[in-house]
Amino acid sequence: TVKEADSLKNQGLLMPALIKYATEFAQTGSQDVSYKIASTSALLWTSKMRDTSFYFLNYAVKKDSTLKALYDPQFLSLINDPRWDEIEATQIRKYESKHGPIKNQPFARELFRMVIKDQGFMYAGNIERRKYLQNGGYFGTPAIFPVLAMEEKNMMQNQKRLFELLDKYGWPRASEVTEYAAAGAALVINHSNYETRVKYFPMLEEAFKKGEAQPLRYAKMSDRLLVEEGKQQLYGTQIKFVNGVREPELIKDPQYVDKRRAEIGLGPLAPYLKERFEIDWQVVQKK
């Protein structure tokens, strides 16, 4: 039942998915299913569904001491509700009791919300982007255009606020804001423009070399800058479309890409491309 619900959700059929999840929850009381109900309800954006989302989210995280919910983009419709402040405070308190204090909690909280704002419209956007490819370059509905506009607005707001925070605190370190929050800064910068990436990449690179930034965030921004400068990427994170088909941008010495990825803490490229982009990449690797 859960697999069927997940499939419906991936197609954009949220209400049918909710019915399936509810059936499973009634039988098992599973906290994992409760989380799925909460995230799916939040994607529906109505006040009634927000109430439903908070109800099931509180149940889902009752025994959860992680910060997963705080950077889950499916909860974009919840973050301006006072009840979200309570979720944040509770999860951070439980996390700190297990892992120790978050040294710069105000910065961490803002970064978590930036991740949600940056990615929050990706659910609707990606469904329509798939239709765009299937329909030969046409979206399935004009409703996508205001969604894309809101996505752009959120990105601009994120960038403005992040620049202020970087001036105040410097680049966020994983040891000060958690690894998940620190990744938010790289995410926002990587979605800005070339000039901004050039300006802030050295700060990300320094943090990465000190073990204070995620390898994937470092690799993505490094590769993106190389591609923008007309060079070959090193880690295979940048994708292009050729005749409507996804493939990696040119990779320097592709037979050694897994070796380079391993050196910075990333797994092999082929599974990454298959899982993220459904690309079958079959270049024999050398050590």
Would you say the side chain of [Y] lies within less than 4.5 Å of the side chain of [X], judging by non-hydrogen atoms?
{"X": "V177", "Y": "K103", "value": "no"}
{"X": "W281", "Y": "P248", "value": "yes"}
{"X": "I264", "Y": "F208", "value": "yes"}
{"X": "P106", "Y": "Y169", "value": "yes"}
{"X": "V61", "Y": "T66", "value": "no"}

[X]-[Y] side chain donor-acceptor pair, cut-off 3.5 Å:
{"X": "Q91", "Y": "K94", "answer": "yes"}
{"X": "K62", "Y": "S34", "answer": "no"}
{"X": "N10", "Y": "S7", "answer": "no"}
{"X": "E96", "Y": "Q105", "answer": "yes"}
{"X": "E212", "Y": "S175", "answer": "yes"}
{"X": "Q74", "Y": "K9", "answer": "yes"}
{"X": "Q119", "Y": "Y71", "answer": "no"}

May I ask whether [X] and [Y] are part of the same hydrophobic cluster, defined by side-chain heavy atoms of I, L, V, M, F, W, Y residues being less than 4.5 angstrom apart, directly or through others?
{"X": "Y218", "Y": "L111", "result": "yes"}
{"X": "I37", "Y": "L44", "result": "yes"}
{"X": "F56", "Y": "Y123", "result": "yes"}
{"X": "M155", "Y": "L187", "result": "no"}
{"X": "F107", "Y": "W84", "result": "no"}

I'd like to know if [X] pairs up with [Y] as an ion pair, taking the criterion as any Lys NZ or Arg NE/NH1/NH2 lying under 4.0 Å from an Asp or Glu carboxylate oxygen.
{"X": "D280", "Y": "R246", "value": "no"}
{"X": "R109", "Y": "E88", "value": "yes"}
{"X": "D85", "Y": "R113", "value": "yes"}
{"X": "K259", "Y": "E263", "value": "yes"}
{"X": "E24", "Y": "K36", "value": "no"}
{"X": "E164", "Y": "R161", "value": "yes"}

Using 0.5 Å steps for rounding, measure from the [atom1] atom of [X] to the [atom2] atom of [Y].
{"X": "D72", "Y": "S39", "atom1": "CG", "atom2": "OG", "result": "6.5 Å"}
{"X": "S30", "Y": "F25", "atom1": "OG", "atom2": "CZ", "result": "8.0 Å"}
{"X": "L57", "Y": "Q31", "atom1": "CG", "atom2": "CD", "result": "11.0 Å"}
{"X": "L269", "Y": "T237", "atom1": "CG", "atom2": "OG1", "result": "9.0 Å"}
{"X": "R217", "Y": "N190", "atom1": "CZ", "atom2": "CG", "result": "7.5 Å"}
{"X": "D223", "Y": "I239", "atom1": "CG", "atom2": "CD1", "result": "9.5 Å"}

*What heavy-atom pair brings S77 and A42 nearest, and what distance separates the two atoms?*
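Closest pair (atom of S77, atom of A42, distance): OG-O, 2.7 Å.
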*Please determine if R50 forms a cation-pi arrangement with F75, meaning its NZ or CZ atom is less than 6.0 Å from the six-membered ring centre and no more than 45° off the ring axis.*
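No, cation not above the ring by the 6.0 Å, 45° rule.
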_When you measure from the centre of the six-membered ring of Y35, is the NZ or CZ of K68 closer than 6.0 Å and no more than 45° off the axis?_
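The answer is yes; both the distance and angle limits are met.
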_A quick test of your reading: do over 12 heavy atoms of other residues, nucleotides or ligands sit less than 6.0 Å from NZ of K252?_
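For K252, atom NZ is not crowded (no more than 12 foreign heavy atoms under 6.0 Å).
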_For E229, I'd like to know if atom CD has over 12 heavy atoms of other residues, nucleotides or ligands within 6.0 Å._
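Correct, the count exceeds 12.
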*Do side-chain atoms of T23 reach the backbone of I19 as a donor and acceptor pair under 3.5 angstrom?*
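Yes, because the side chain of T23 sits within donor-acceptor range (under 3.5 Å) of the backbone of I19.
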*Give a yes or no on whether the ring-centroid distance for F121 and W45 is below 6.0 angstrom.*
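They qualify: ring centres under 6.0 Å apart.
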